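To start, the structure under review is shown below, and the notes come after it.
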Amino acid sequence: MSKPFTLLIKPAGADCNLRCEYCFYLDHLKQQKKLPRMTDQVLEKLIRGYMKTEQPVYSLAFQGGEPTLMGVDFYRRVVELEKKYAPSGSTVSNAIQTNGILIDDEFAAFMAKYRFLVGLSLDGPEHVHDRYRKDAGGKGTHSRVLRTAETLRKHGVEFNILSLVNSYSAGYARETYEYLKGLGFNYQQYIPCVEFDTEWIVDGEAWGDFLIELFDAWYPNDVYKVSIRYFDSLVNRMITGQSNVCHMDGNCCQYFVVEHDGGVFPCDFFVRPELQLGNIRTGTWQSFLESKRYADFGARKMLLNPDCPDCEWFSYCLGDCQKHRPNFPREKGSLSHLCSGYKKFFAHALPTFEKISAEAARQIREARGGK
């Protein structure tokens, strides 16, 4: 069996119904001449081929741009093809990352029926969210996202909240956390906005301060009430030694991105012609897995600054995401833009995470009948 892998599928490419100012696809959208849409032929080729591989779980995540632009019938077809081609007894997991604006009762009922996990983008309270997350007319989208959250809840759709931390929102960690918790959004994910040479890039020190303020708002009262993905990942790393988020791993061969036209790439941040691995219409997943270009891309992760391996926090960072290193890979030894922030946060919080992890490990052992 080959190494398991998941798929990040962009059926509408970079196309989106919003115009968030910090979106790294904006320039692409301005130059776009034809609406990118995945055809049924490409979709069937994609699912049929993936279902021929051996996976513990067949995991498909739909992203963009905005994947709901495809409409609910596209996803009905996804499920139909999964039923047709999935091996008997296998498990299939579908997820969709969305701004939520186009999700209505019909869409939500469908996702509830087939247990789609939804990642809903909400940066925080209105003044935080609407700072940069605007529609094509320049209007904020906060109230519309909240309506979507209520629609998802009404239909019993499982969803979490994804918040992008930018230069503005970095100053409101506690307010954002308490706001989301107050709305009952107990599954939260925070992603740093690292778009170089822009006004919204989060500074390394500010990122560290954000994480510290977030941690202090979360601990100790909400440890078992609110799930923050990055915090969960640190605990998992301490207990198992494994990483469940790609930037904490030592190799970037984690998943494949499939564009609307069937093009396959190693990472959503690196959808570039020189890194294309092939196309699902003519290639196979085995050929992509065995691609030298894929292996070389994954190995780039460890082209580290000479100081990294000696850093006391290295095992929790491993140089951070390639995208966060200025001028990488041309400057192979460049440090992550967020390095100073991570160091500040680790010094503040890791001793407590060690206690949390020890207690969690004890509970796991007891649940399994051990001591």
Side-chain angles (χ1 to χ4, degrees), residues 1-13 36-98 102-103 106-120 152 155-160 187 229 242 244-246 253-268 271 276-291 294:
M1 176 179 171
S2 299
K3 177 184 175 182
F5 61 93
T6 61
L7 300 182
L8 191 159
I9 303 164
K10 298 169 62 180
R37 296 292 184 268
M38 183 172 283
T39 65
D40 187 73
Q41 180 184 24
V42 171
L43 178 64
E44 183 163 10
K45 182 80 172 178
L46 163 65
I47 293 177
R48 183 174 67 236
Y50 186 42
M51 296 300 168
K52 287 181 179 179
T53 68
E54 295 182 37
Q55 306 292 333
V57 175
Y58 292 90
S59 180
L60 300 89
F62 296 90
Q63 198 165 302
E66 177 48 47
T68 61
L69 286 170
M70 300 300 294
V72 67
D73 285 341
F74 174 84
Y75 295 96
R76 289 194 177 101
R77 180 62 171 157
V78 167
V79 172
E80 178 184 310
L81 290 169
E82 289 172 346
K83 290 179 177 179
K84 180 177 180 180
Y85 292 114
S88 178
S90 61
T91 300
V92 179
S93 171
N94 290 299
I96 187 166
Q97 180 62 46
T98 175
L102 298 177
I103 294 177
E106 181 185 10
F107 215 143
F110 164 81
M111 290 190 292
K113 180 178 180 180
Y114 292 104
R115 299 183 179 179
F116 274 61
L117 174 63
V118 175
L120 184 64
L152 295 174
H155 290 277
V157 179
E158 185 178 351
F159 69 97
N160 54 46
Y187 293 88
R229 189 183 183 197
Q242 303 297 313
N244 57 8
V245 289
C246 56
C253 293
Q254 300 292 323
Y255 64 95
F256 291 106
V257 174
V258 184
E259 277 286 348
H260 72 284
D261 61 356
V264 179
F265 298 83
C267 174
D268 189 35
V271 177
Q276 183 166 349
L277 307 176
N279 193 292
I280 59 169
R281 291 177 294 181
T282 55
T284 65
W285 290 114
Q286 194 62 36
S287 69
F288 304 144
L289 283 167
E290 296 173 353
S291 165
Y294 187 53

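This is a predicted model, so every value here is computed, not measured.
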CA sep, side-chain torsions, deciding dist, call: Tyr255, Cys267, side chain to side chain contact (heavy atoms under 4.5 Å, CB included) | CA-CA 7 Å; Tyr255 64 95; Cys267 174; 3.7 Å; yes

List the atom of Leu277, the atom of Ser291, and the distance in Å for their closest heavy-atom pair.
-> CD2-OG, 3.9 Å

For this output row, return yes or no: ring centroids of Tyr50 and Tyr85 closer than 6.0 angstrom.
-> no

Test item: Leu7 and Leu46 side chains (from C-beta on) under 4.5 Å apart, heavy atoms = yes

Any idea how Phe62 and Phe74 line up, ring-wise: parallel (<30°), tilted (30 to 60°), or perpendicular (>60°)?
-> perpendicular

Considering all heavy atoms, the nearest Asp268-Val257 contact | N-CG2, 3.3 Å

Going by heavy atoms in the side chains, are Thr98 and Glu66 under 4.5 Å from each other?
-> yes

Is any NZ, NE, NH1 or NH2 atom of the basic residue among Glu80 and Arg77 found under 4.0 Å from an Asp or Glu carboxylate oxygen of the other?
-> yes

Does Leu117 reach the side chain of Asn160, with side-chain heavy atoms less than 4.5 Å apart?
-> yes

Evaluate the side chain to side chain contact (heavy atoms under 4.5 Å, CB included) criterion for residues Val79 and Lys113: first the C-alpha distance (whole Å), next the side-chain angles of each, then the deciding distance (0.1 Å), finally the verdict.
-> CA-CA 11 Å; Val79 172; Lys113 180 178 180 180; over 6 Å; no

Side chains of Gln41 and Thr39: is there a donor and an acceptor less than 3.5 Å apart?
-> no

Lys3 side chain to Cys253 backbone, donor-acceptor under 3.5 Å = yes

Run the numbers on Thr6 and Val57 for side chain to side chain contact (heavy atoms under 4.5 Å, CB included), then give the verdict.
-> CA-CA 9 Å; Thr6 61; Val57 175; over 6 Å; no

Trp285 and Val264 have their tightest heavy-atom pair at CZ3-CG1, 4.1 Å

Measure the shortest side-chain to side-chain distance between Arg115 and Glu158 over non-hydrogen atoms and say whether it is less than 4.5 angstrom.
-> no

Report yes if the side chains of Met51 and Lys84 come closer than 4.5 Å at any heavy-atom pair, otherwise no.
-> no

Minimum-distance pair of heavy atoms, taken over all atoms of Pro67 and Pro11 = CB-CG, 4.3 Å

Would a 4.5 Å heavy-atom cut-off, applied to side chains only, mark Met38 and Ile9 as touching?
-> yes

Of all heavy-atom pairs between Tyr294 and Leu289, which one has the smallest distance, and what is that distance?
-> CD2-O, 3.9 Å

Does CZ in Arg48 sit with more than 12 non-hydrogen atoms of other residues, nucleotides or ligands closer than 6.0 Å?
-> yes

The reported gap from CD in Gln55 to OG in Ser93 (rounded to nearest 0.5 angstrom) is 12.0 Å

Of all pairs that satisfy side chain to side chain donor-acceptor pair (under 3.5 Å), the ones with a partner from residues 256-266, not counting sequence neighbours = Lys10-Glu259

Closest non-hydrogen atom pair, Ala108 against Leu152 = CB-CD2, 4.3 Å

Could you check if a side-chain atom of Arg37 sits within less than 4.5 angstrom of a side-chain atom of Leu69, using non-hydrogen atoms only?
-> yes

Do Phe5 and Phe288 have their ring centres less than 6.0 Å from each other?
-> no

Backbone of Thr53 reached by a side-chain donor or acceptor of Tyr58 within 3.5 Å | yes

CA sep, side-chain torsions, deciding dist, call: Tyr114, Tyr75, side chain to side chain contact (heavy atoms under 4.5 Å, CB included) | CA-CA 10 Å; Tyr114 292 104; Tyr75 295 96; over 6 Å; no

When rounded to the nearest 0.5 angstrom, what distance separates OG1 in Thr282 from NZ in Lys45?
-> 8.0 Å

Whether over 12 other heavy atoms sit under 6.0 Å from Phe110 CZ | yes

Can you check whether Leu8 reaches Gln97 side chain to side chain, under 4.5 Å on heavy atoms?
-> no

